[in-house]
K.L.:
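Structure provided below as structure tokens; questions to follow.
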Amino acid sequence: VLLAESGGGLVQAGGSLRLSCGAPARTIDRSVMAWFRQGPGKEREFVAAIRWGGGNTYYADSVKGRFTISRDSAKNTVFLQMNDLKPEDTAVYSCAAALAGPPTKLIGAKSTYDFWGQGTQVTVSS
């Protein structure tokens with residue numbers, strides 16, 4: 001299953017973007033959907049995640065208070081609202097799904113996720 005992201009683009013510092021990703025049809029309540037990003041010359045890093053059933057959310061410290069992850073269960077879609085964007089947020093943002101429902105301590109680990117999207121480019125100019 002290849003996830004499909006949309007919503008990337010070029011924005012000035014301080015601006016906002018909203019990313020979208022279609023969740024797999026087999027998503028269940030304990031599944032987790034997440035966003036990761038990979039900046040130029042950097043490792044892929046965890047950004048945010050949400051448990052599909054309860055809606056619990058998790059964030060990297062670098063985006064807390066600026067980014068919000070949410071889901072629309074009826075549309076099987078997960079969103080990442082990004083506000084107050086900074087040049088250091090420039091990266092390829094990828095959606096990921098862990099259908100079996102990982103423990104909280106593993107939510108930030110790339111190896112936890114079964115399915116990935118190809119990514120969408122977000123560029124923040126200063």
Side-chain angles (χ1 to χ4, degrees):
V1 175
L2 182 63
L3 309 179
E5 305 97 339
S6 62
L10 173 64
V11 65
Q12 288 189 327
S16 298
L17 284 173
R18 189 174 84 152
L19 307 183
S20 301
C21 173
R26 288 179 284 158
T27 305
I28 57 177
D29 281 355
R30 63 178 182 271
S31 298
V32 172
M33 295 293 297
W35 290 94
F36 285 76
R37 68 185 182 186
Q38 186 167 16
K42 298 181 180 179
E43 295 286 323
R44 181 177 284 181
E45 64 176 1
F46 171 76
V47 176
I50 186 167
R51 285 204 187 269
W52 199 252
N56 291 19
T57 57
Y58 310 87
Y59 295 95
D61 288 343
S62 59
V63 306
K64 279 181 184 176
R66 300 188 298 123
F67 290 13
T68 302
I69 189 170
S70 62
R71 86 263 191 256
D72 184 331
S73 300
K75 296 182 179 179
N76 235 36
T77 302
V78 63
F79 304 98
L80 184 68
Q81 177 67 43
M82 305 185 294
N83 298 329
D84 189 23
L85 282 160
K86 304 175 180 181
E88 51 264 41
D89 294 319
T90 294
V92 174
Y93 284 71
S94 298
C95 178
L99 298 185
T104 300
K105 64 181 179 180
L106 296 180
I107 281 178
K110 297 185 289 292
S111 59
T112 292
Y113 295 88
D114 313 298
F115 304 106
W116 291 83
Q118 288 188 322
T120 184
Q121 177 70 45
V122 171
T123 302
V124 185
S125 63
S126 57

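For reference, positions follow the sequence shown, starting with 1.
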K.L.:
Roughly how far apart are Lys86 NZ and Ser126 OG, rounded to 0.5 Å?
P.N.:
14.0 Å
K.L.:
Search all heavy atoms of Val47 against all heavy atoms of Phe36 and return the closest pair with its distance.
P.N.:
CG2-C, 3.9 Å
K.L.:
Rounded to the nearest 0.5 Å, what's the gap from CD on Gln121 to CG on Leu10? Could you check?
P.N.:
9.5 Å
K.L.:
Are Phe46 and Tyr58 an aromatic pair, judged by ring center distance below 6.0 Å?
P.N.:
no
K.L.:
From Ser62 OG over to Lys64 NZ, what is the distance, rounded to the nearest 0.5 angstrom?
P.N.:
10.0 Å
K.L.:
Spell out, as yes or no, whether a donor-acceptor pair under 3.5 Å connects the side chain of Arg71 to the backbone of Gly53.
P.N.:
yes
K.L.:
Is it the case that the side chain of Thr57 and the backbone of Ile69 share a donor-acceptor pair, with hydrogens and angles ignored and the cut-off at 3.5 Å?
P.N.:
no
K.L.:
Kindly give the heavy-atom pair with the smallest separation between Ala100 and Asp114, and that separation in Å.
P.N.:
N-OD2, 4.4 Å
K.L.:
Hydrophobic clusters here meaning ILVMFWY residues chained together by side-chain heavy-atom distances under 4.5 Å, can you tell me if Phe115 and Phe79 are in one?
P.N.:
no
K.L.:
What closest approach, in Å, do Tyr59 and Ala48 show between heavy atoms, and which atom pair accounts for it?
P.N.:
CD2-CB, 3.6 Å
K.L.:
Is it true that a side-chain atom of Ser31 and a backbone atom of Leu99 form a donor plus acceptor pair closer than 3.5 Å?
P.N.:
yes
K.L.:
Looking at Asn76 and Ala23, would you say the former's side chain and the latter's main chain have a donor-acceptor pair under 3.5 Å?
P.N.:
yes
K.L.:
Just wondering, are more than 12 heavy atoms of other shown residues or ligands nearer than 6.0 Å to CD in Gln118?
P.N.:
no
K.L.:
Roughly how far, to the nearest 0.5 Å, is NZ of Lys105 from CD1 of Ile107?
P.N.:
12.0 Å
K.L.:
So does Gly119 get a backbone contact from the side chain of Glu5, meaning a donor-acceptor N/O pair under 3.5 Å?
P.N.:
yes
K.L.:
If you group Ile, Leu, Val, Met, Phe, Trp and Tyr by side-chain heavy-atom gaps below 4.5 Å, do Leu19 and Val92 land in one group?
P.N.:
no
K.L.:
Any chance you could measure Ser70, atom OG, to Met33, atom CE, to the nearest 0.5 Å?
P.N.:
11.5 Å
K.L.:
Rounded to the nearest 0.5 Å, how far apart are CG of Asn56 and CD1 of Ile50?
P.N.:
8.5 Å
K.L.:
Can you name the one residue among Asp61, Asp89, Asp84 that meets salt bridge (charged side-chain N to carboxylate O under 4.0 Å, His left out) with Arg66?
P.N.:
Asp89
K.L.:
My understanding is that only one of Leu17, Val11, Val124 makes a side chain to side chain contact (heavy atoms under 4.5 Å, CB included) with Met82; could you say which?
P.N.:
Leu17
K.L.:
Of all heavy-atom pairs between Leu3 and Gly22, which one has the smallest distance, and what is that distance?
P.N.:
CD2-O, 3.6 Å
K.L.:
Compare every heavy atom of Ser20 with every heavy atom of Trp35, then report the nearest pair and how far apart it is.
P.N.:
CH2-O, 3.6 Å
K.L.:
Can you see which heavy atom on Pro102 is nearest to which on Arg51, and at what distance?
P.N.:
O-NH2, 2.5 Å
K.L.:
Where does the angle between the aromatic ring planes of Tyr93 and Phe67 fall among parallel (under 30°), tilted (30 to 60°) and perpendicular (over 60°)?
P.N.:
tilted
